[in-house]
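First up is the structure itself, then whatever we jot down about it.
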Amino acid sequence: MKSNKKLLEEIISIGNQLTQIKNTDSLMESILSEARGLVNAEAGSFYICDKNILHFMIAQNDYLQSNKRKLHFERFSIPMKKTSLSGYVALSGEVLNIADVYHIAEGSEYVFYPEIDKKTGYTTKSMLTIPLNTPNKKTIGVLQLINAKDKRKNTVEFKEEDVHYLVHFANIAAVALERAEMTRSLIMRMIKMAEMRDPMETGAHVNRVGAYSAELYEAWAKKNKINSKEAKVTKDLLRIAAMLHDVGKVGISDTILKKNGKLSDEEFAEMKRHPLIGSELFTDEQSDLDRMAGEIALFHHKRWDGGGYPPGEKKQDEIPLLARIVSLTDVYDALSSKRCYKEAWDMERVWDELSLSAGSQFDPELVALFLGMKEEILSIKKKYPDRTE
Ligand code: C2E
Ligand code: SIN
Ligand code: SIN
Ligand code: FE
Ligand code: FE
């Protein structure tokens, strides 16, 4: 008998893990750099508001970055209080335009905390702090723009007329960010739904496939010299999107899904609908995560040689890379684990099977990379063990 308490614990832990994956990172990066570009700010940071907490999410600093100095950037969280500049803006929903943070007018409610300056050796002077307000007047984030530069690169104040444009921009950004957050929470609910459908198998399986896929992508990106920032964003998204590869199994009947023995041809034909069912759940073309999850769901049973399902002409490089990755990690996980229809294979046999299938079922470049990361693979397997009761 499965215990509900344990299931609940697992679901909570997936939730926690997902909140740590900031799949809105690239969105926040571009909001911040666009805003800085609009007012020629040398540096800036991005905070997210979460109840009474401010999360410091993103930092950009052209001076430090171009001088190859370390940005000293770590995420941190602070209580939202009116005594800090960002807290003041988050709570009041108002803009603060300060000419020199080291000379803030006496009697102001807020003070500047120079800790980051001390760590980086950078000197903050002018600072424009703007709330990201949604149409229903909720402040969901704070943009902090630092050191406006004039044509001769002198630090100047932020001009009042620029503030007007930025507030408009911030309103648009707030809508985009809220949308991205909604997608993320929808995806979290989908994973929970798949888990509840098949709690004995799915929880640990999806976590392992997500983790193996992210690691394998990282190795591939390194080998193929993908820009490291871009690779990091893709890796984080893939961690989630890969977890959803089998979400279409929610559309397959229990008698087939939980059958103890081999499937009949008819049952297997029914089972083969799960990629299409899954892909149809991801319809938001605007969201990178949706696009990625849809592609993976649709093509994770497509073979390198063009076989597999769904039927179609795609083969080799025409099959999306991330689907090729998941097709390998999914089979690795199926072979190395016990299923309702099979026993777990021992490791040697699994490695042999994968090597033999390089170039036919799987992308040979990916198989070679995967076989080179046995240690990481085994530690992931240990981290997400199957449930036994
Ligand atoms: P799954 O359990 O996640 O398995 C994913 C894939 O791992 C399979 O895709 C297959 O490519 C590979 N795989 C699993 N077991 C073996 C094996 O013993 N030998 C080899 N060479 N490959 C293996 P496939 O075959 O398209 O199956 C898709 C899904 O259909 C499976 O997902 C599973 O949910 C279900 N399924 C497949 N065969 C059976 C079966 O005989 N009985 C039951 N009850 N379900 C089955
Ligand atoms: C603040 O928002 O109060 C200051 C942030 C910083 O120290 O850079
Ligand atoms: C298939 O994908 O199942 C058949 C091969 C093809 O048409 O690409
Ligand atoms: Fe599948
Ligand atoms: Fe699977």
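Remember, it's 1-based here, ligands and their atoms both numbered in the order they're listed. Just so we're clear, the structure is a prediction, and the values are computed from it rather than from any experiment.
- No path of Ile, Leu, Val, Met, Phe, Trp and Tyr side chains, each step under 4.5 Å between heavy atoms, connects I31 with I172, placing them in separate hydrophobic clusters.
- Crowding of K81 atom NZ: a count of heavy atoms from other residues, nucleotides or ligands under 6.0 Å not exceeding 12.
- Using a cutoff of 4.0 Å between basic side-chain nitrogens and carboxylate oxygens, R291 and D288 are scored as salt-bridged.
- The closest heavy-atom contact to atom 44 (N) of ligand 1, among the options E343, K259, H301, comes from K259.
- Of the candidates L263, V209, D330, I256, it is D330 that places a heavy atom closest to atom 5 (C) of ligand 1.
- Around CD of E266, the count of heavy atoms belonging to other residues, nucleotides or ligands within 6.0 Å does not exceed 12.
- Transitive grouping of hydrophobic side chains (ILVMFWY, heavy atoms separated by less than 4.5 Å) keeps V156 and L96 in distinct clusters.
- Residue E353 has at least one heavy-atom neighbour below 4.0 Å for each of these atoms of ligand 1: 21 (N).
- Ordered by chain and number, D246 OD1, H274 NE2, H300 NE2, H301 NE2 make up the set of protein N, O or S atoms under 2.8 Å of the Fe ion (ligand 4).
- Below 4.0 Å from some heavy atom of L335 lie the following atoms of ligand 1, by number and element: 16 (C), 17 (C), 19 (N), 20 (C), 22 (N), 23 (C).
- Taking every non-hydrogen atom of Y309 and a distance limit under 4.0 Å, the qualifying atoms of ligand 1 come out as 24 (P), 26 (O), 27 (O), 28 (C).
- If you look at K272 next to ligand 1, there are no close heavy atoms at all, none under 4.0 Å.
- Residue K232 qualifies as open at atom NZ: its count of foreign heavy atoms under 6.0 Å is 12 or below.
- Between D317 and R324, at least one side-chain nitrogen of the basic residue sits less than 4.0 Å from a carboxylate oxygen of the acidic one, meeting the salt-bridge criterion.
- Close N/O approach between G261 and ligand 1 is found [any backbone or side-chain N/O within under 3.5 Å].
- Using 4.0 Å as the threshold, G308 has no heavy atom nearer than that to any atom of ligand 1.
- Considering backbone and side-chain atoms together, H274 places no N or O closer than 3.5 Å to any N or O of ligand 1.
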Going by atom type alone, with no hydrogens or angles, which donor-acceptor pairs under 3.5 Å involve a side-chain atom of residues 343-358 and a protein atom two or more places apart or on another chain?
| residue | atom | partner | partner atom | Å |
| --- | --- | --- | --- | --- |
| D346 | OD1 | E348 | N | 3.3 |
| D346 | OD1 | R349 | N | 3.1 |
| S355 | OG | W351 | O | 2.8 |
| S357 | OG | E353 | O | 2.8 |

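- Between K258 and ligand 1, no pair of N/O atoms sits closer than 3.5 Å.
- To the nearest 0.5 Å, atom CZ of residue F46 and atom CD of residue E29 are 10.0 Å apart.
- The closest non-hydrogen atom to atom 6 (C) of ligand 1, taken over V331, V350, D246, N260, comes from V331.
- The atoms of ligand 1 that sit less than 4.0 Å from any heavy atom of W345 are 17 (C), 18 (O), 19 (N).
- Of the charged side-chain nitrogens involved, at least one lies within less than 4.0 Å of a carboxylate oxygen, so that K235 and E215 count as a salt-bridged pair.
- M373 and V209 end up in the same hydrophobic cluster when Ile, Leu, Val, Met, Phe, Trp and Tyr side chains are linked at under 4.5 Å.
- Relative orientation of the Y63 and Y122 rings is tilted, given thresholds of 30° and 60° on the angle between their planes.
- Listed by atom number, the atoms of ligand 1 under 4.0 Å from K342 heavy atoms are 15 (N), 18 (O).
- Its N, O or S atom nearest to the Fe ion (ligand 5) is what matters here, and for H205 that atom is NE2.
- Of all atoms in ligand 1, numbered sequentially from 1 with element shown, those under 4.0 Å from a heavy atom of A334 are 4 (O), 5 (C), 7 (O), 14 (C).
- No more than 12 heavy atoms of other residues, nucleotides or ligands shown are found within 6.0 angstrom of OH on Y165.
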